[in-house]
Amino acid sequence: MITRLNDRNYPRWASQIHRTGGCRQPIHLRGRVLHVDRSTGRLLHSYTTATEPDGVLRLPCKTRRASRCPACAEVYRADTYHLIRAGLVGGKGVPPSVTAHPCLFVTLTAPSFGAVHTRREKNGRPLPCRPRRDAERCPHGRVMSCTARHGAEESCLGEPLCPDCYDYTGSVLFNALAPQLWKYFTDALRRRVAKAAGLTLRELRTQCTISFAKVAEYQRRGVVHFHAVIRLDGPDGPTFPPPAWATADLLADAVRHAAHAVTVTAPATVNESARVLRWGRQLDIREITLDGELSDQAVAGYIAKYATKAAECVGTLDRRINPLDDLAAFNLRDHPRRLIAECMRLGALDEYADLRLTQWAHMLGFRGHFSTRSRHYSTTMGAIRDERRDHARTEEITTGRLPLFDEDTVLVISHWEYAGKGLSAGDALLAALLSGDPPSPVSLDGGGGR
Ligand SMILES: [Zn+2]
Ligand SMILES: [Zn+2]
Ligand SMILES: [Zn+2]
């Protein structure tokens, strides 16, 4: 800290840190940019990182994971919010007439893999977890009842009453196959909507598109479920009205049917028979309306929030796990440790090789995208980022930091190389102070420096 503060280049360093927006693990780039006039060959402008502090330019890491970098995850969350909201009320190239299209907020859950400690509330008061008067003992001698009223942050929540009875295999395979199950669900939904309208799939395409935006969320028990916005549009997406037969009720019926109909099969192995996996019985379908109880803002906010979370909220690790790592050394709770161990065990089987469970053990088997949208849903993340970048560029031009060039007449030669990432312990403290965040211990022990 003292070295940095005493450095002649400190103001420039502080300005770099400011411009990363408080990123906790900025990317370091070394390189140069030359702007050359194509017709005369005259050098118009040059920039090199050689004169920057430590000879590098620091850029935000742009992660979506709040556990890795809260500042960049916040940017991602806000972008996701605008993108989801555009699909509900218009904006970003989507006409406002989209509000008239039938639109549902659907939650598809995972099935049960064994009884777990839960917290339910009634009128704001917690109910007993799982009270059973004549509860039986499981084969391991544990009473399958829990009369505790659990606090909201109790660490036993989501953990099984009997870990030896809990179906860890099923939980891991469900996470691994959930993206496939989602794909089957959307196919079945299209077929069902077509059938309800008396059309073939091909005819449906000429009248109506079904647009999706979904996020995956981990439940405390370590299994993913999906929240999705599902909308009916005209043949070319949200710019066209859907046909008159396309109502919210028809869509809700089709969702219900498709959710119950689809299955995905995990192949048999030497010791295990094939498993048929399906969505859980809990299916929540709510209509999104401008004036109803479920507003567009609530939905967009909800989806955006989950887009920045990963499995670490269940107590697993925030990075890949090496098969040779000693799981006992990670100081995990028993439940996530067993889920990870099951990923490692199944990952070693040839039959499950394409599920890549070893690589995705830290995600408890799920290797899908956290936040996905169909082509027609609204704008893209790239477009939103470009908009922001254009804005930043305009600002730089108006403040005279970047010369204004016509791209056709100017040759831009640039060369960049990766020079590391992160902040040293002292820099991390200063950066936290500069961005107004309380310095966090995580930013200090996490392999700082370059
Ligand atoms: Zn960052
Ligand atoms: Zn309990
Ligand atoms: Zn048991």
Side-chain angles (χ1 to χ4, degrees), residues 16-29 56-80 112-122 125-133 135-171 219-221 307-310 312 318-319 333-335 338 342 381 385 388-389 392 418 420-424 427-428 430-432 434-437 439-440 442-444 446-448 450:
Q16 276 196 10
I17 293 297
H18 262 299
R19 295 175 77 189
T20 63
C23 177
R24 190 179 270 181
Q25 46 173 14
I27 307 292
H28 301 182
L29 291 180
V56 295
L57 184 67
R58 292 170 178 84
L59 297 173
C61 70
K62 293 189 179 168
T63 182
R64 97 187 150 69
R65 314 257 308 251
S67 58
R68 293 192 182 158
C69 176
C72 292
E74 175 53 27
V75 172
Y76 185 91
R77 192 199 60 75
D79 286 354
T80 307
S112 169
F113 298 105
V116 297
H117 294 281
T118 51
R119 175 188 162 90
R120 284 167 300 130
E121 285 186 358
K122 195 176 177 184
R125 296 202 46 218
L127 295 169
C129 168
R130 189 189 159 84
R132 298 283 188 279
R133 195 163 315 196
E136 289 181 11
R137 278 176 191 275
C138 78
H140 311 97
R142 294 186 177 94
V143 182
M144 296 311 260
S145 167
C146 173
T147 52
R149 294 170 199 266
H150 296 299
E153 296 304 321
E154 254 178 73
S155 47
C156 73
L157 289 176
E159 296 186 350
L161 269 65
C162 176
D164 298 314
C165 284
Y166 195 77
D167 181 9
Y168 285 96
T169 313
S171 174
Q219 293 182 304
R220 296 228 205 200
R221 56 188 167 130
T308 61
K309 282 199 178 157
E312 69 273 3
D318 175 2
R319 59 167 183 84
R333 287 184 67 86
D334 183 57
H335 186 58
R338 283 189 190 230
E342 187 63 7
M381 219 52 173
R385 287 201 193 104
R388 206 176 44 231
R389 199 174 305 130
Y418 177 77
K421 152 177 161 167
L423 297 165
S424 69
D427 280 357
L430 282 176
L434 283 173
S435 58
D437 285 339
S440 137
V442 180
S443 61
L444 297 181
R450 279 163 285 150

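We count ligands from 1, going down the list as the structure has it; atoms in each ligand are counted the same way. Values below: all heavy atoms of this structure, side chains included; hydrogens, waters and symmetry mates excluded.
- In this structure, Thr63 and Gln25 have side chains that are in contact, with non-hydrogen atoms separated by less than 4.5 Å.
- The angle Cys69:SG - the Zn ion (ligand 1) - Cys61:SG amounts to 110°, with values rounded to 10 degrees.
- When side chains are defined from C-beta on, Pro126 does not count as touching His150, because their heavy atoms never get closer than 4.5 Å.
- Between Arg68 and Cys61, the closest side-chain pair of non-hydrogen atoms is not below 4.5 Å.
- An angle of 100° is found at the Zn ion (ligand 3) between His140 atom ND1 and Cys165 atom SG, rounded to 10°.
- Centred on the Zn ion (ligand 2), the angle running from Cys146 (SG) to His117 (ND1) is recorded as 110°, rounding to 10°.
- We find the CZ-OG1 distance between Arg133 and Thr147 to be 12.0 Å, quoted to the nearest 0.5 Å.
- Centred on the Zn ion (ligand 1), the SG atom of Cys23 and the SG atom of Cys72 lie at an angle of 110°, reported to 10°.
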